[in-house]
There are 2 protein chains.
Amino acid sequence: MVVLEISEHDVNRLFRALADSTRRDIVRRTLVTDVSVSQLADAYEMSFAAVQKHVAVLEEARLVTKESRGRERMVRANLDRIRQAQRLLDHFEELWRSRIDRLDILLAQDQSTPDEPAPPPSSLKAAT
Amino acid sequence: MVVLEISEHDVNRLFRALADSTRRDIVRRTLVTDVSVSQLADAYEMSFAAVQKHVAVLEEARLVTKESRGRERMVRANLDRIRQAQRLLDHFEELWRSRIDRLDILLAQDQSTPDEPAPPPSSLKAAT
DNA sequence: TTATCATACAATCAAATGGTTGTATTAGAG
DNA sequence: CTCTAATACAACCATTTGATTGTATGATAA
């Protein structure tokens with residue numbers, strides 16, 4: 001099993017960083033190619049400084065990194081972090097899915113006749 | 001293919017709603033059982049009104065619904081919406097993964113000797 | 001060397017967030 | 001009917017967010 005060594009605070013920052021269309025678009029654009037901050041700024045209807053700030057938020061969430069190239073700062077998606085985020089989302093999905101599945105089982109039980117032999121408890125011990 | 005009929009604005013709200021530990025915990029708690037707002041409030045070190053607001057944020061993101069039961073308001077995770085969110089995350093994952101995969105292919109090409117037969121172009125046409 | 005382009009960073013501002021307390025309403029319990 | 005528990009909601013407050021403009025610095029091009 002994969003352990004997610006990511007703090008609650010980091011999870012908050014991660015979701016927060018993704019909760020903005022411009023920032024999601026920046027991640028998308030920087031996945032394949034490095035893009036300078038000014039190139040990004042050209043793409044949006046907002047000031048250079050505003051785009052700089054969005055990049056900074058993504059950087060704090062470690063979703064992108066910046067690298068100096070001449071006088072430019074190239075922004076690049078942090079693939080490791082993104083894969084980590086994907087695993088995190090998988091984790092939520094699994095956690096939630098398993099709860100939903102267990103709920104479905106309980107509902108099915110409720111609809112069946114009460115004296116039916118109980119299906120194997122399938123370890124209802126709370127997961128997290 | 002499944003179409004995600006969810007607006008950018010809704011995606012923002014969704015991620016925003018998930019960017020708080022308390023709110024994620026509320027979703028977790030209400031997945032299996034209905035829980036009243038006051039029961040939730042007992043679980044956290046904050047005022048009843050604060051918990052009410054968190055529930056309201058989740059409600060606006062449509063991650064939970066409220067239902068009157070006597071004088072109580074039972075909070076319940078909105079499974080349809082959660083499944084929709086999961087599909088959305090899957091969608092991001094796929095989109096990103098495919099971009100990352102294409103990038104990996106490009107990197108592999110760069111590292112190989114230039115006169116080696118180029119691997120099948122595998123449709124580098126930008127997705128989205 | 002001197003413009004100029006790309007960036008950094010500070011100050012400012014309005015709006016949103018996340019919390020509080022206080023008051024009003026409503027439904028059950030006695 | 002009266003008390004109380006559960007909720008709704010308004011007002012308020014501090015902090016953060018998302019944007020702006022202005023100024024300073026550093027690297028390149030001419």
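Please read all numbers here as calculations on a predicted model, not as lab measurements. Here is how names work: the chains are called A, B, and so on, in the same order as the sequence lines, proteins then strands, and each is numbered from 1.
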**Q.** Evaluation steps, side chain to side chain contact (heavy atoms under 4.5 Å, CB included), between B/L58 and B/T30
**A.** CA-CA 11 Å; B/L58 289 170; B/T30 57; over 6 Å; no

Q) How close or far is atom P of C/dT17 from atom CD of B/E60, stated in whole angstroms? A) 9 Å

Mind listing the side-chain donor-acceptor pairs of residues 35-44 of chain A below 3.5 Å, one per line with the distance, residues two or more places apart or on another chain?
| from | atom 1 | to | atom 2 | distance (Å) |
| --- | --- | --- | --- | --- |
| A/S36 | OG | A/S38 | OG | 3.3 |
| A/S36 | OG | A/Q39 | N | 3.1 |
| A/S36 | OG | A/Q39 | OE1 | 3.3 |
| A/Q39 | OE1 | A/S36 | N | 2.9 |
| A/Y44 | OH | A/D25 | OD2 | 2.6 |
| A/Y44 | OH | A/R29 | NE | 3.2 |

Q. If you walk 5' to 3' along DNA chain D, what is the first nucleotide with an atom under 4.0 Å of a heavy atom in chain B, and what is the last?
A. D/dT4 to D/dA11

Q.
Judged by each residue's nearest nucleotide on DNA chain D, which is more toward the 5′ side, B/E72 or A/T22?
A. B/E72

**Q.** Contiguous pairing runs of three or more, Watson-Crick or G-U under 3.5 Å, that involve DNA chain D
**A.** C:1-30 with D:1-30

Q: Could you identify which residues of residues 48-58 of chain B place a heavy atom less than 4.0 Å from some atom of DNA chain C, listed by residue number, or say none?
A: B/A49, B/A50, B/K53, B/H54

Q. Are A/F15 and B/V11 connected in the hydrophobic side-chain network, where two residues link if heavy atoms are under 4.5 Å apart?
A. yes

Q) Counting any heavy atom closer than 4.0 Å, what does A/S47 reach on the DNA or RNA strands: base, sugar-phosphate only, or nothing? A) base

**Q.** Interatomic distance where CZ belongs to A/F15 and P belongs to C/dT17 [whole Å]
**A.** 17 Å

(Q) side chain to side chain contact (heavy atoms under 4.5 Å, CB included), that's the test. Do B/S21 and A/N12 meet it? Break it down for me. (A) CA-CA 7 Å; B/S21 309; A/N12 293 350; 3.3 Å; yes

Q) Of all residues at least two apart in sequence or in a different chain, which pass the side-chain hydrogen bond (donor to acceptor under 3.5 Å, both in side chains) check with A/R13? A) A/D10

Q. Do A/L14 and B/L18 sit in the same hydrophobic cluster, where Ile, Leu, Val, Met, Phe, Trp and Tyr count as joined when their side-chain heavy atoms come under 4.5 Å apart?
A. yes

Q. In whole angstroms, how far is the C1' atom of C/dA14 from the CE atom of A/M46?
A. 16 Å

Q: Nearest-nucleotide wise, let me know which of A/R23 and B/M74 is further upstream toward the 5' end of DNA chain D.
A: B/M74

Q | Residues in salt bridge (charged side-chain N to carboxylate O under 4.0 Å, His left out) contact with A/E8, at least two apart in sequence or another chain | A | B/R24

**Q.** Same apolar cluster: B/V57 and B/F48, side chain cutoff 4.5 Å
**A.** no

Q.
Quick test of your reading: applying side chain to side chain donor-acceptor pair (under 3.5 Å), list the pairs with at least one residue in residues 45-56 of chain B, sequence neighbours left out, ordered by first then second residue.
A. B/R23-B/H54

Protein N or O to nucleotides 23-30 of chain C N or O, pairs below 3.5 Å:
none

Less than 3.5 Å apart, which donor and acceptor atoms pair up between the side chains of residues 63-77 of chain B and the rest of the protein, not counting sequence neighbours?
| from | atom 1 | to | atom 2 | distance (Å) |
| --- | --- | --- | --- | --- |
| B/E67 | OE1 | B/R76 | NH2 | 2.8 |
| B/S68 | OG | B/R73 | NH1 | 2.5 |
| B/R76 | NE | B/D34 | OD1 | 3.2 |
| B/R76 | NE | B/D34 | OD2 | 3.4 |
| B/R76 | NH2 | B/D34 | OD2 | 2.8 |

